[in-house]
There are 2 protein chains.
Amino acid sequence: MTTAANKKPKPAGGKPSRRHEQGSGKRELILAAALDEFSQNGFAAARLDDVAKRANVAKGTIYLYFKDKESLFQELLRVQISPVVGMLEAVLAASKDARPVPLRETANRIADLFVDQVISTRRKDIVRLILTEGPRFPKLAEFYYREIISRAISAFRTRAARAAKEGELRSDTLARFPQLIVAPALTAIMWKSMFDKFEPLDAKALMKAHIEILFDKEERS
Amino acid sequence: MTTAANKKPKPAGGKPSRRHEQGSGKRELILAAALDEFSQNGFAAARLDDVAKRANVAKGTIYLYFKDKESLFQELLRVQISPVVGMLEAVLAASKDARPVPLRETANRIADLFVDQVISTRRKDIVRLILTEGPRFPKLAEFYYREIISRAISAFRTRAARAAKEGELRSDTLARFPQLIVAPALTAIMWKSMFDKFEPLDAKALMKAHIEILFDKEERS
DNA sequence: GACTTATGACTGACTAGTCAGTCATAGTTG
DNA sequence: CAACTATGACTGACTAGTCAGTCATAAGTC
């Protein structure tokens with residue numbers, strides 16, 4: 001029947017590497033399809049039949065790579081978030097060097113990182129999914145708090161405290177509420193997913209404006 | 001066709017009978033139960049059987065008061081949000097008086113309103129639901145944009161522009177990005193629903209700190 | 001009795017997860 | 001190289017279960 005068509009894509013351009021080692025190609029296909037479906041419908045309403053269809057794969061295949069729907073979901077989040085965490089750590093590490101980067105510069109870099117790597121990519125949907133489904137997956141919330149949030153918060157808090165002491169920051173407000181630094185980013189993500197079609201938002205400008213407010217004082221004029 | 005939406009067994013006339021009062025009591029019972037279930041599980045995963053059980057009502061009764069699951073959901077959001085919008089309008093209206101309230105004072109009042117009426121009540125879950133389910137209910141997102149967001153944004157933008165011109169604000173940044181005023185509020189809501197058990201956040205202090213940063217300049221010292 | 005309100009068993013559509021079977025390819029043999 | 005066997009990635013029809021929405025019936029009220 002029609003089945004013979006092109007289920008098995010001939011690897012274009014050369015070595016038909018051994019099929020059994022190629023399994024991971026499917027894995028990525030499934031993850032990509034899962035990103036589409038989960039971010040469009042949320043965890044509960046996403047159908048694995050649709051994920052399979054979108055990935056050009058039979059439903060059973062999904063279960064060769066992932067234990068169940070929840071594992072697929074969590075793995076998707078992990079795969080998408082890890083590289084960003086890596087980059088974030090690099091930026092924060094630079095901020096601890098002997099000759100440290102000014103805090104304002106660090107803030108700008110984080111903002112750029114966030115806009116370029118998250119808000120203006122499909123990863124913003126991942127963040128939305130974490131925010132959205134987090135309360136329903138306590139393990140997930142705990143994991144993200146332990147592995148990411150608490151580390152970032154305390155790194156930033158330390159840095160901001162020093163900045164306040166050395167006069168780089170006007171007050172210790174940011175050291176007490178490091179959440180304020182990411183607030184515009186979250187807002188931008190939410191805005192973009194809901195209202196951008198009514199009133200587009202320039203996320204980068206928003207974050208730059210926020211940084212300007214945070215740091216603006218005599219050091220400019 | 002449009003008139004068919006006559007679900008309320010309560011005729012809005014002057015003297016409702018005891019029976020009708022009972023009826024509307026059920027309605028509220030159902031809405032309260034729905035708030036619990038929807039905010040715990042999200043729209044898709046919430047079960048009407050559970051809503052009924054929680055409201056001590058048979059499942060069929062729900063359909064006497066609401067057309068379907070989605071209507072119940074939307075009505076829940078409407079009922080919870082309307083009063084807050086009313087209060088918000090009152091605050092913003094005062095800001096337009098002949099002898100206007102200083103912007104900083106308005107901002108403080110909005111922050112108080114938000115913390116007292118939303119963040120520290122179950123209504124924070126409603127906001128989370130809107131943020132969470134909004135992208136999946138385009139009608140909902142459009143409704144909230146048209147009826148609430150766009151109005152609040154433009155009211156605030158006008159006010160902030162005047163404040164910038166009259167020197168009350170250092171720059172026109174807030175007029176260009178009124179989103180910045182609510183950013184900490186959204187962040188507080190998300191933090192509270194996910195991470196509060198690991199690291200409690202004082203939402204009021206956060207918002208006051210933010211306002212301090214926004215307005216802090218020579219007017220303090 | 002007539003009319004309103006409430007019930008909960010039932011139905012039908014829908015879906016996560018399974019598993020017996022297929023088949024392209026790798027390996028082996030002569 | 002041709003023929004044969006072995007492997008396991010892949011398939012999709014199927015099962016078992018879930019849940020929104022319905023409706024025949026009951027209970028309450030005037």
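Order of the sequence lines sets the chain letters (A, B, ...), proteins ahead of strands, with each chain counted from 1.
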Side-chain N,O (A/Y63) to OP1/OP2 (D/dC10) below 4.0 Å
no
Do the side-chain N or O atoms of A/K26 get closer than 4.0 angstrom to the phosphate oxygens (OP1, OP2) of D/dA9?
no
Atom [atom1] of [X] and atom [atom2] of [N]: how far apart are they, to the nearest Å?
X	N	atom1	atom2	answer
A/K69	C/dT15	NZ	P	9 Å
A/I62	D/dG12	CD1	P	13 Å
A/F73	C/dA16	CZ	P	14 Å
A/E70	C/dG17	CD	C1'	14 Å

Does the side chain of A/L129 reach to within under 4.5 Å of the side chain of A/D125, using non-hydrogen atoms?
no
Sequence neighbours left out, what passes ring-ring contact (aromatic ring centres under 6.0 Å, His included) with B/F114? Give chain and number order.
none
For B/T158 and B/S154, indicate whether the former's side chain and the latter's backbone hold a donor-acceptor pair under 3.5 Å.
yes
Can a salt bridge be assigned to the pair A/E75 and A/R27 using a cut-off of 4.0 Å between side-chain N and carboxylate O?
yes
Selection from C/dG17, D/dC10, C/dT7 that lies nearest to any side-chain heavy atom of A/L64
D/dC10
Can you identify which nucleotide, out of C/dT5, D/dA20, D/dA9, has its nearest atom closest to the B/Y65 side chain?
C/dT5
Tell me whether the guanidinium CZ or amine NZ of A/K26 lies under 6.0 angstrom from the six-membered ring centre of A/Y65 and within 45° of its axis.
no
Sorted by number, residues from residues 37-58 of chain B placing a heavy atom under 4.0 Å from DNA chain C are B/V57, B/A58
Remember a base hit wins even if backbone is also touched, and classify B/K59 as base, sugar-phosphate or nothing at under 4.0 Å, heavy atoms.
base
Students often mix this up, so state it plainly: with edges at 30° and 60°, are the rings of B/F198 and B/F195 parallel, tilted or perpendicular?
tilted
